Number of protein chains: 2
Amino acid sequence: MAKAPTVYDVAQRAGVSIATVSRVLRRPDDVRESTRTVVHEAISELGYVPSGAARGLAARSTGVLGLCFPDVDGIDEVDDLPDPVRVGEAVEMVRDVGGPVTARWSNLYLGEVMRGAELEAWRTGHAVMIGVARGLRRAQAVNELAGRVDGLAVLSKSVPDDLLAHIARRVPVVVMAGPPQDDAYDHISVDNRAGTRALVDHLIADHGLRDLAFVGGPFDSPDAHERFQGFRDALRAAGLPAPDEPAARSDFTRAGARDLARTMLEDHLTGRGPGDETGRALPRALVCSNDQTALGFLDVLTEAGIEVPGDVVLTGFDGIDATQASIPRLTTVSQPMVELGRAAVELLRSRLTDPGAPPATVNLPVRVLLRESCGCA
Amino acid sequence: MAKAPTVYDVAQRAGVSIATVSRVLRRPDDVRESTRTVVHEAISELGYVPSGAARGLAARSTGVLGLCFPDVDGIDEVDDLPDPVRVGEAVEMVRDVGGPVTARWSNLYLGEVMRGAELEAWRTGHAVMIGVARGLRRAQAVNELAGRVDGLAVLSKSVPDDLLAHIARRVPVVVMAGPPQDDAYDHISVDNRAGTRALVDHLIADHGLRDLAFVGGPFDSPDAHERFQGFRDALRAAGLPAPDEPAARSDFTRAGARDLARTMLEDHLTGRGPGDETGRALPRALVCSNDQTALGFLDVLTEAGIEVPGDVVLTGFDGIDATQASIPRLTTVSQPMVELGRAAVELLRSRLTDPGAPPATVNLPVRVLLRESCGCA
DNA sequence: ACCCGAAATGTATGCGCATACACTCGCTGC
DNA sequence: GCAGCGAGTGTATGCGCATACATTTCGGGT
């Protein structure tokens, strides 16, 4: 690393001009084979690696696409960081007494989106740079990311609107997993509504259920809202009355859902008076707005001796791994995480090709996974 | 995106020189407040985002750190890509009849490593660029990555030696999760040996086990080898005879482990002659070189009516999520994935600070998770 | 008012590369 | 024997910024 060799060094060593060196790398067919060989030898001997910065500057395009995620760790400032494991520390023995399974869903989610993006980027010869819009210096971080890339895919809600508007003046922006929205950006969204609709259609048509309730999510979650709409679509299509509001709202966490479930259970019991049979007052099916919610309900229902799917049918949304491990396994709707990343990059590329096209929205299809919790084998 | 504004545009609009604009961004304290305000206004009005390429070129440092992963998808060429989900396709209904839980361990693993790296990079104001050394154009991809970063963290085995040597002449390289090796690079490794040692110490000391066997991994896995060494360390320390070779070798997959387990079970049974009690011939404890192997064994043992930990004690290594969902839950050793990424970036930074220091190797401690499969509560 | 040092700002240059354009050859065709 | 041509190569320039250095402005002391 004494001093990284440049085109000039290579040119001198190979006895050619820098233009030829550059051509050997960029447009090999324009150079005679014998010359090419000489240059390659010089490159190899010197350990030459072209500077991406210089190339990017000269070519007016970096060949890098950016991916911007929200901060799932909830770290606001440098001080919030947990201490790193100290090097040389002894092996730690932990008596793991159980408790809720570690929730790494969001990490997996982001990881898969990244994988999809990287895959598609690689296919087309792009590199991927990631950034997390986190902390007080968020604006600066996002700006720097935007300054280094040819296009930026942003996970919905990870960047404040004004900041997004600012960087969008420099690079094309694709918003991932947000609600289809009528702004100036391209969008990749997940078909929450159609997914829930298909799931509930199945519950009604194939399992003959008519008494269904929807457990919603936070008020500010567009996903939860869309899923509720899908729920209503299905009910209406079946000629059933569709509620205006979810029967309840979870905070999307398993623990929160447990509390909610306990409350609901009590209400139903007391509301029916003493001596009533457990759970009879519950809806026949609970369609939850996400998996964590469904799993929390499952915990409480099982604990209370209410059988799933016998007494109550339960479904989730997202397709997290834990839904395969629960008893019974949870019927859910699987998110196209990898596709999300791929589609975002694909859309960015087409935007770069045709900057003038009107903003596009791509709605990705989902997959309904039918398992035991809805009564399927 | 008509034409991204530059410092010149901002300078003109603000009525200052480009040097002042640059200073407002890089060293705000050198600029009078009133001037700063004017410049910031111009920046905001024009939608100015500094070019990372130009800055990198001028500053001779990009502020980007690279992360290079192997291709876990096994994609060699562009043609190998699975078709992306088609847009506008209908919701797919999948009857999920069970089978092995989807193995997303490696994705999670890489994702967590990335998360750790990003976290540490963010802390110090760096960006992270990822690359997957995949396909036939691997050399080019890695070169481009190296050309764009100030330092590169490479997952062991993801880059061929000669290529690594080439790029190491341009940027500092840290090798992650490889065996401690005496090459010119900095290394971050996981203390496989001490982890297994501690685990087996526990089996011997706390559970009084004396008849233990090690289920190894592939011959070419340094990790598996180190874990075996830890196993032997513990036996020897307890005055027990230590085998020269693992009792068997798995291919690190759950399915492969199942096959292996069945074969072993048959051998033991037939070797003992008819009428013998099931499983009595098996070792009292099976220390597996990774979790997938242990889970595969668990599948087969359970199927055969052999109780874990009653008849056979079983342990794994890695700490994948599935070990929390198995019955019984698997005692294992958890990998410091996030720390791996953090430590890599930390090491890169110190290397950038002091290029002259001798190559360093950091050995990350692991955590032993004691659960039911070894007899712990 | 004037001088001097510090603070603030401007000017000029180079980072390493891609590329437009100019140039040199070796041929072909006449 | 020379114009014309294309393949191969060299020369010169600019990409947008950071920064060394030059210059101006400002404030305080006398």
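This one's a predicted model, so the numbers in the text were calculated from it and none came from an experiment. Proteins come first, then strands; the chains are lettered A, B, ... in the order of their sequence lines, and each starts at number 1.
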Residues passing the side-chain contact (heavy atoms from CB on, under 4.5 Å) test with B/Thr37, sequence neighbours excluded, are B/Glu33, B/Glu41
Regarding A/His126 and A/Thr124, is there a side-chain donor-to-acceptor distance under 3.5 Å anywhere?
-> yes
From CG of A/Asp29 across to C1' of D/dT9 the rounded distance in Å is 16 Å
Would you mind telling me which of A/Leu164, A/Ile188, A/Leu347 makes a side chain to side chain contact (heavy atoms under 4.5 Å, CB included) with A/Val175?
-> A/Leu164
Test side-chain contact (heavy atoms from CB on, under 4.5 Å) applied to B/Ala165 - qualifying residues, sequence neighbours left out = B/Tyr185
What residues form a side-chain contact (heavy atoms from CB on, under 4.5 Å) with B/Pro179, not counting sequence neighbours?
-> B/Ser156, B/Gln181, B/Pro222, B/Glu226
Length of the line joining B/Arg36:CZ and C/dA8:P, which is rounded to integer Å | 9 Å
Applying side-chain contact (heavy atoms from CB on, under 4.5 Å) to B/Leu119 and not counting sequence neighbours gives A/Ile75, A/Leu81, A/Arg134, B/Arg342
Bend angle of the helix from C/dA1-D/dT30 to C/dC30-D/dG1, from helix axes over five pairs at each end, nearest 10° | 40°
Short side-chain N/O contact from B/Thr35 to OP1 or OP2 of C/dA8, under 4.0 Å = no
Could you state the CG-P distance from A/Asp30 to D/dG8, rounded to the nearest angstrom?
-> 8 Å
Is the backbone N or O of A/Val38 less than 3.5 Å from a side-chain atom of A/His40, with the two atoms forming a donor-acceptor pair by type?
-> no
Is the shortest distance from a Lys or Arg side-chain nitrogen in A/Asp186 or A/Arg351 to a carboxylate oxygen in the other one below 4.0 Å?
-> yes
In 5'-to-3' order, the base (B), backbone-only (S) or no-contact (-) status of each nucleotide in nucleotides 15-24 of chain C, using a 4.0 angstrom heavy-atom cut-off, is BBBBB-----
